[in-house]
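Chain naming here is simple, since letters A, B, ... match the order of the sequence lines and numbering starts at 1 in each.
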Amino acid sequence: MNLEGQYDPKKVEDKMYKLWEDSGFFNPDNLPTDKRGKGKGKSFTIIMPPANANGNLHAGHALVMTIEDIMTRYKRMQGFRALWLPGLDHAGFETQVVYEKKLEKEGRSRFKMEPQELYNEIMQFTLENKKNIEGQVRKMGASCDWSRQKFTLDPDIINTVYGTFEKLKKDGLIYRGKKIINWCVKHQTSLSDLETKDTEKVDKLYYLKYGPFVIATARPETKFGDKYVVMHPKDPRYAQYKNGDKLSLEWINGPIEASVVKDEAIEMEFGTGAMTITPWHDAVDFGIAEKHDLPKEQIIDFYGKLLPVAGEFAGMKISEARPRIIEKLQAKGLVEKIEENYKHIVKTCYKCDSLIEPQIKEQWFLKMEPLAKPIIKAIETGKVKFIPEHYKKISLHWLKNIMDWPLSRQIVWGIPIPASPADKPGEVETFDTWFSSGQWPFATLGFPESKDFKTFYPTDVMETAGEIIFFWVARMMMLGFYITKKLPFKTVYLHGLVLDAKGQKMSKSKGNVINPLDITDKYGTDALRMGLVMGNTPGQSLALDENKIKGYKNFANKIWNASKFVLISTQNFTAVKKVALSSTQKEHLKNLKTLQKEVTKLMDDFKFYYAAEKIYHYFWHEFCDKIIEESKKDIASHATQYLLLEILSASLKMLHPFMPFITEEIWGQLPAKNPSTSLRASKNLLMVESWNTTG
RNA sequence: GGACGAUUAGCUCAAUUGGCAGAGCAUCUCAUUUACACUGAGAGGGUUGCAGGUUCGAGUCCUGCAUCGUCCACCA
């Protein structure tokens, strides 16, 4: 009897993980083939969202590991050939940003480094993190198949990515366009719309005299080249002006000739209802210029400084130039009024919060509409199931309004875009990192020829954060379907954010970050896993309270002690053919079976929070508080001992997906295979035991 | 401006899809070494955000409103 004292996770976890890993059962090819369960050797696949190899495991990862491990262990016990394929993402821009911060601390800068030198350093950094994260994933008890682990920069993955790019090109879906993009001046790269965020800013709104018109602008520094004044065709105030009218007027640096353009894009209510356009530095203006075939001129360079067109202001930064330009305009009597406290929304870089400067740049774009079409249909006809369901609407809305995807990033850390005629010789152009991760399910399984692809694709469940539904999930569906003609997964399960105990978003600046490894150290992995799954409905954010986890540590100890009692009390238990159960005992077994059915259904419905609660409640308040207490009256009875062993073993099975370490440890100490009960402990690991086989 | 979610015990959340509103934590009372004090027995705590409607029956379905949150599109 080794169940001494209290449950000590430290004595069990590392040892147990090694035992599992050495068993080879994380690899579905090694699973026992004599399964009788529901799965009967069918495959079950989850591709792990590849963790960014640029830091440590955070609470969100811990949640991913917990939910996906629960699914995988459950299906494995049901007799499926369960594959959970782990991976890591080079996470292009994200990682480069992390590394740049590191460089900054060391007083260095990426712009003073040779691209290859920078690439090599980041690779080194990434490989170190990769090792780190692999250890942390193991610590969470993840039963994933390490032999199939993939990294987004593996040669075969890169090949797949290039193959997709070629095919897209051949089908006319890739084009090189000179379009307006989001430019981060600090990071010196373009960003997709998803990589920018909106920030409210208070500025001044300047009303400037532009010939007979008054135009409102918050950005006078972009106005040097403005030669078109636009108004709504139905605006009665400007009825006298016709599209194409020319007029001469005095502007910032002298007289110019301007033309009138009429366009519905103008809001009559805003400002004066008339505006000039700067197609190079504003998305709306760009659209108007495209529509009317107007010339576009760059005013601000890629470092945020004014170009020679600004005359005396050339070379100045925006912040420096703006007040001086206004001074000059005031001196010329061209400022009608200045509205203070003008609140508006500006785009900022989602990493560094600096203002996005829209720029026109030649880039690779992917036409999304043809890719989105079949996915819209698939979602509408229910070919893919969303959990929770409302993500269906969210996805459809996005897909139906989809924009072309700018694929180019001006960073070294990533997969280089092949044969890229970059704007300047020597300029780097790599794929947006989501272009490679968007191909993850089929790329990791070795599309098109490998046996794995044929066996495990399409995958069963894509479990990831609701936050990245557009970034990743939608794109995986589009690229996956485009390449393989099949949707990459049948079910999308989206979890919410993990928040701190007060429901606040965790952030380094707030200092409320909960490190899952600290929790594991303090309370054990099983307790953390329970804390992450209990009360966690899909899609909803979860407040992670340390007290809650402490409660599940107590539960682990409860399991430990109850098992101890059962094992000590049944030391002399011997098998007989017929067990003479009392009617109460029969009732207990019947209730157990009912519970098994309920839990199985809840697991099948992805209601892990509810299944966990059922088992928890049953084990503690039914088995421990009632059945064990009752048993003390006639603990010597054969039937009583049989009942205790039966319920204990069935409970361990149901608990295993949630609390794998403690249940496996106790399972190993149950009496050896016994023909009169369903116990068959000595040969098999619990992780490959059959899910429901009591009675 | 559009969409989506949330609103249930002091706190965090359930309620297996229309059938007796329930858990954990917290609080209070009792038990005092029991397999387990990381414990046990019990108690208090609710007009399910508001106003209507459908129904034998509504936390659940319908309509409107309020508050909080998230996402999308945007005004120079």
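Checking the phosphate oxygens (OP1, OP2) of B:G40, a side-chain nitrogen or oxygen of A:Lys558 falls inside 4.0 Å. Taking 4.0 angstrom as the limit, A:His344 places none of its side-chain polar atoms (N or O) nearer than this to OP1 or OP2 of B:C74. In terms of phosphate contacts, A:Tyr609 brings a side-chain nitrogen or oxygen within less than 4.0 Å of OP1 or OP2 of B:A15. Proximity of A:Thr278 to the phosphate of B:A76: no side-chain N or O atom is located under 4.0 Å from OP1 or OP2.
Using a 4.0 Å heavy-atom criterion, one finds that A:Lys632 contacts the bases of the nucleic acid, with or without backbone contacts as well. No contact: A:Ile469 has no heavy atom under 4.0 Å from any strand. Heavy atoms of A:Leu542 sit nowhere under 4.0 angstrom from any nucleic acid atom. Residue A:Asn557 is in base contact, counting any heavy-atom pair closer than 4.0 Å across all strands shown. A:His281 comes within 4.0 angstrom of nothing in the nucleic acid, heavy atoms only. Residue contacts shown for A:Tyr207 are absent, as no nucleic acid heavy atom lies under 4.0 Å away. Contact annotation for A:Asp625: backbone-only contact, meaning every heavy-atom pair under 4.0 Å involves sugar-phosphate atoms and none involves a base. Among the heavy atoms of the strands lying under 4.0 Å from A:Phe470 are primed sugar atoms or P, OP1, OP2 only; no base atom is included.
Taking atom P on both B:A3 and B:C65, the two are 12 Å apart, rounded to the nearest angstrom. Separating the C1' atom of B:A76 from that of B:U8 is a span of 47 Å, rounded to the nearest Å. B:G46 sits 15 Å from B:A14 when the C1' atoms are compared, rounded to a whole Å. Separation of the P atoms belonging to B:A26 and B:A35 is 25 Å when rounded to the nearest angstrom. If you take atom P in B:C62 and the same atom in B:G24, they sit 32 Å apart, rounded to whole Å. Here the separation of B:U48 from B:C20, taken at their C1' atoms, is 15 Å to the nearest Å. Here the separation of B:U55 from B:G19, taken at their C1' atoms, is 12 Å to the nearest Å. Remark: the separation of the C1' atoms in B:G18 and B:U60 is 7 Å, to the nearest Å.
Using a 3.5 Å distance cut-off with no hydrogens or angles, the side chains of A:Asp203 and A:His344 do pair a donor with an acceptor. Side chain to side chain, A:Lys564 and A:Asn561 meet the donor-acceptor criterion of an N or O pair below 3.5 Å.
Across all strands shown, B:G46 forms no Watson-Crick or G-U wobble pair with both key distances under 3.5 Å. When Watson-Crick and G-U wobble pairs are counted only if both distances are under 3.5 Å, B:G69 pairs with B:C4. Look at B:U32: it lacks any Watson-Crick or wobble partner with both distances under 3.5 angstrom. Remark: B:U17 base-pairs with no nucleotide in the shown strands. Criterion, Watson-Crick or G-U wobble with two distances under 3.5 Å. Pair assignment for B:G10: B:C25, on the basis of Watson-Crick or G-U wobble contacts that are both within less than 3.5 Å. Nucleotide B:U55 has no partner under the Watson-Crick or G-U criteria, as no pair reaches both atom distances under 3.5 Å. Here B:U60 sits opposite no nucleotide as a Watson-Crick or G-U wobble pair (both hydrogen-bonding atom distances under 3.5 Å).
A cation-pi geometry, defined here as NZ or CZ lying under 6.0 Å from the six-membered ring centre and within 45° of its normal, holds between A:Lys337 and A:Tyr207. Under a cutoff of 6.0 Å and an axis angle of 45°, A:Lys614 and A:Tyr610 form a cation-pi pair. Taking the centre and axis of the six-membered ring of A:Phe565, the NZ or CZ atom of A:Lys632 falls inside the cone set by 45° and 6.0 Å.
When each of A:Ala265 and A:Lys550 is assigned the nucleotide of RNA chain B with its nearest heavy atom, A:Lys550 is the one assigned upstream, toward the 5' end. Residue A:Ser541 is the one, among A:Ser541 and A:Asn561, whose nearest nucleotide of RNA chain B lies closer to the 5' end (criterion: closest heavy atom).
Taking only side-chain atoms of A:Asn554, from C-beta outward, the nucleotide of B:A23, B:A76, B:U39 with the closest atom is B:U39. For A:Phe565, whose side chain is taken as the heavy atoms from C-beta onward, the closest listed nucleotide among B:A35, B:A76, B:C74 is B:A35. Minimum atom distance to the side chain of A:Leu194 is reached by B:C72, of the listed B:A35, B:C4, B:C72. Listed nucleotides B:C75, B:A35, B:A14 differ in distance to A:Gln540; the shortest reach to its side chain belongs to B:A14. Side-chain proximity of A:Thr537 to B:A35, B:C13, B:A76: nearest is B:C13. Checking B:U39, B:A76, B:U16 against the side-chain heavy atoms of A:Lys601 singles out B:U16 as nearest.
For the atom pair CG (A:Leu249) and NZ (A:Lys227), the distance works out to 10.5 Å, reported to the nearest 0.5 Å. To the nearest 0.5 Å, atoms OH (A:Tyr609) and CD (A:Gln540) are separated by 10.0 Å. Expressed to the nearest 0.5 Å, how far CG of A:Asp263 lies from CD1 of A:Ile277 amounts to 8.5 Å.
Here B:C75 presents its P atom at 11 Å from CD1 of A:Ile345, a figure rounded to the nearest Å. In this entry the distance linking CG of A:Leu544 with P of B:C25 reads 16 Å, nearest Å. Put simply, OH on A:Tyr228 is 18 Å from C1' on B:A76, counting in whole angstrom units. Summarising the geometry, the separation between OH on A:Tyr610 and C1' on B:U17 is reported as 11 Å, rounded to the nearest angstrom. With rounding to whole Å, A:Tyr523 atom OH is found 19 Å from B:G24 atom P. If you take CG of A:Leu205 and P of B:A76, they are 9 Å apart, rounded to a whole angstrom. Between A:His621 atom NE2 and B:U39 atom C1' the separation is 12 Å, expressed in whole Å. What separates CD of A:Glu630 from P of B:G40 is a distance of 16 Å, to the nearest Å.
Side-chain atoms of A:Glu629 and base atoms of B:A35 include a donor and an acceptor less than 3.5 Å apart. With hydrogens and angles left out, the side chain of A:Lys393 and the base of B:A3 share no donor-acceptor pair within 3.5 Å.
For B:U55, the base is anti relative to its sugar; the glycosidic angle deviates from 0 by more than 90°.
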task = Before giving the answer on side chain to side chain donor-acceptor pair (under 3.5 Å), spell out for A:Ser569 and A:Gln641 the whole-Å C-alpha distance, their side-chain angles and the decisive distance to 0.1 Å.
result = CA-CA 7 Å; A:Ser569 313; A:Gln641 295 188 6; over 6 Å; no
